[in-house]
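Read the structure below first, then the notes.
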Amino acid sequence: MNEQDITNAVKAVLDQMKESGGHHHHAPGHVCTCKKHKMTLKTANALIEKVKAKAAEMGVNAVIAVSDKAGRPVAVQCMDDAYIASFDIAINKTFTSASLKMSTDELSRLSQPGQPLYGIQFTNEGKIVIFGGGEPLEADGKIVGALGVSGGTAEQDTAIAAYGKDAFKKMIEAPEF
């Protein structure tokens with residue numbers, strides 16, 4: 001791959017990221033009070049409870065973080081005996097997934113040597129995480145936040161975060177939500 005091929009590949013990935021974003025449109029003057037499109041503390045904590053139960057079932061002492069769509073933390077919980085380093089890692093996984101609109105597991109493949117996003121982990125003041133455990137959270141096809149799980153192996157964190165993404169989808173589809 002020459003330099004032009006790499007440039008074109010990065011541009012294609014970034015264009016794809018932009019297209020997958022989107023915005024929530026309403027009639028002029030409409031004030032959206034729909035909680036589906038905003039990550040609230042109540043929602044974040046409810047999701048964390050579900051994810052903690054899954055982590056415990058798997059024997060993983062994890063740190064679980066939920067951010068808003070801009071990657072800012074809304075809630076973070078540390079299970080007993082979780083690694084100290086997992087705190088920052090979980091938060092950075094939410095930042096990565098929210099800001100790049102993809103799972104950190106997917107990013108791990110795109111950031112390998114010779115791939116279009118190789119070296120991306122050195123951007124954004126080192127907050128980009130290139131191994132599994134981060135998932136964007138969507139409602140009606142729009143990213144409303146992200147989940148970060150850290151404390152197990154990359155495979156365990158990836159599986160727990162994927163579970164959390166599915167749990168979030170079920171939560172927002174529930175009539176009481």
Side-chain angles (χ1 to χ4, degrees), residues 1 5-7 9-21 39 44-45 47-138 142-169:
M1 223 182 220
D5 291 339
I6 293 170
T7 302
V10 170
K11 185 180 180 328
V13 169
L14 293 174
D15 286 345
Q16 184 182 5
M17 286 180 196
K18 260 189 245 171
E19 288 171 21
S20 70
M39 182 56 68
N45 280 330
L47 177 59
I48 286 173
E49 289 304 316
K50 291 176 184 300
V51 174
K52 273 196 318 191
K54 181 66 172 177
E57 178 187 305
M58 291 176 62
V60 175
N61 299 325
V63 175
I64 301 125
V66 176
S67 72
D68 63 14
K69 66 184 176 185
R72 293 180 297 249
V74 174
V76 183
Q77 289 192 31
C78 306
M79 294 174 69
D80 293 343
D81 297 321
Y83 294 113
I84 295 166
S86 290
F87 186 87
D88 287 340
I89 295 168
I91 290 173
N92 288 343
K93 286 178 181 182
T94 70
F95 174 80
T96 301
S97 292
S99 63
L100 295 177
K101 302 177 182 178
M102 70 174 72
S103 72
T104 58
D105 186 54
E106 183 181 351
L107 182 60
S108 72
R109 291 184 284 283
L110 293 171
S111 61
Q112 293 300 308
Q115 296 303 307
L117 297 179
Y118 177 65
I120 195 166
Q121 69 272 25
F122 302 113
T123 68
N124 292 272
E125 300 173 348
K127 292 192 297 185
I128 301 295
V129 177
I130 60 167
F131 46 88
E135 289 284 348
L137 300 172
E138 297 181 9
K142 311 288 186 256
I143 292 176
V144 296
L147 170 66
V149 177
S150 180
T153 64
E155 292 78 15
Q156 288 170 322
D157 290 354
T158 299
I160 295 167
Y163 168 85
K165 183 177 183 174
D166 289 342
F168 179 76
K169 192 179 296 184

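The first residue in the sequence is number 1, and the count goes up from there. Every value quoted in this text rests on a predicted model; they were computed, and no experiment measured them.
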With a 4.5 Å limit on heavy-atom distance, are the side chains of [X] and [Y] in contact?
{"X": "Ser67", "Y": "Arg72", "result": "no"}
{"X": "Val76", "Y": "Phe87", "result": "yes"}
{"X": "Leu137", "Y": "Leu47", "result": "yes"}
{"X": "Ile120", "Y": "Leu100", "result": "yes"}
{"X": "Ile89", "Y": "Ile91", "result": "no"}
{"X": "Thr94", "Y": "Glu135", "result": "no"}
{"X": "Phe95", "Y": "Asn124", "result": "yes"}
{"X": "Met102", "Y": "Ser97", "result": "no"}

When rounded to the nearest 0.5 angstrom, what distance separates [atom1] in [X] from [atom2] in [Y]?
{"X": "Asp105", "Y": "Glu155", "atom1": "CG", "atom2": "CD", "result": "9.0 Å"}
{"X": "Tyr83", "Y": "Asn61", "atom1": "OH", "atom2": "CG", "result": "8.5 Å"}
{"X": "Ile130", "Y": "Leu107", "atom1": "CD1", "atom2": "CG", "result": "7.0 Å"}
{"X": "Lys54", "Y": "Lys50", "atom1": "NZ", "atom2": "NZ", "result": "13.0 Å"}
{"X": "Gln77", "Y": "Asn45", "atom1": "CD", "atom2": "CG", "result": "5.5 Å"}

Step-by-step side-chain contact (heavy atoms from CB on, under 4.5 Å) determination, Val144 to Asp68:
CA-CA 6 Å; Val144 296; Asp68 63 14; over 6 Å; no
Would you check, one step at a time, whether the test side-chain contact (heavy atoms from CB on, under 4.5 Å) holds for Val60 with Met79?
CA-CA 9 Å; Val60 175; Met79 294 174 69; over 6 Å; no
Salt bridge between Asp88 and Lys127, side-chain N to carboxylate O under 4.0 Å?
no
[X] to [Y] - nearest heavy-atom pair and separation:
{"X": "Ala98", "Y": "Ala70", "answer": "CB-C, 4.5 Å"}
{"X": "Glu138", "Y": "Phe168", "answer": "O-CE2, 3.4 Å"}
{"X": "Gly164", "Y": "Leu147", "answer": "CA-CD2, 3.7 Å"}
{"X": "Gln115", "Y": "Arg109", "answer": "CG-O, 3.3 Å"}
{"X": "Glu106", "Y": "Ser103", "answer": "N-OG, 2.9 Å"}
{"X": "Gly145", "Y": "Met39", "answer": "CA-CE, 4.4 Å"}

Does [Y] offer a backbone N or O that forms a donor-acceptor pair with the side chain of [X] under 3.5 Å?
{"X": "Ser86", "Y": "Ala82", "value": "no"}
{"X": "Ser150", "Y": "Val63", "value": "no"}
{"X": "Lys52", "Y": "Ile64", "value": "no"}
{"X": "Thr104", "Y": "Gly134", "value": "yes"}

Please test Val129 against Gln121 for side-chain contact (heavy atoms from CB on, under 4.5 Å), starting from the C-alpha separation and ending with a verdict.
CA-CA 6 Å; Val129 177; Gln121 69 272 25; over 6 Å; no
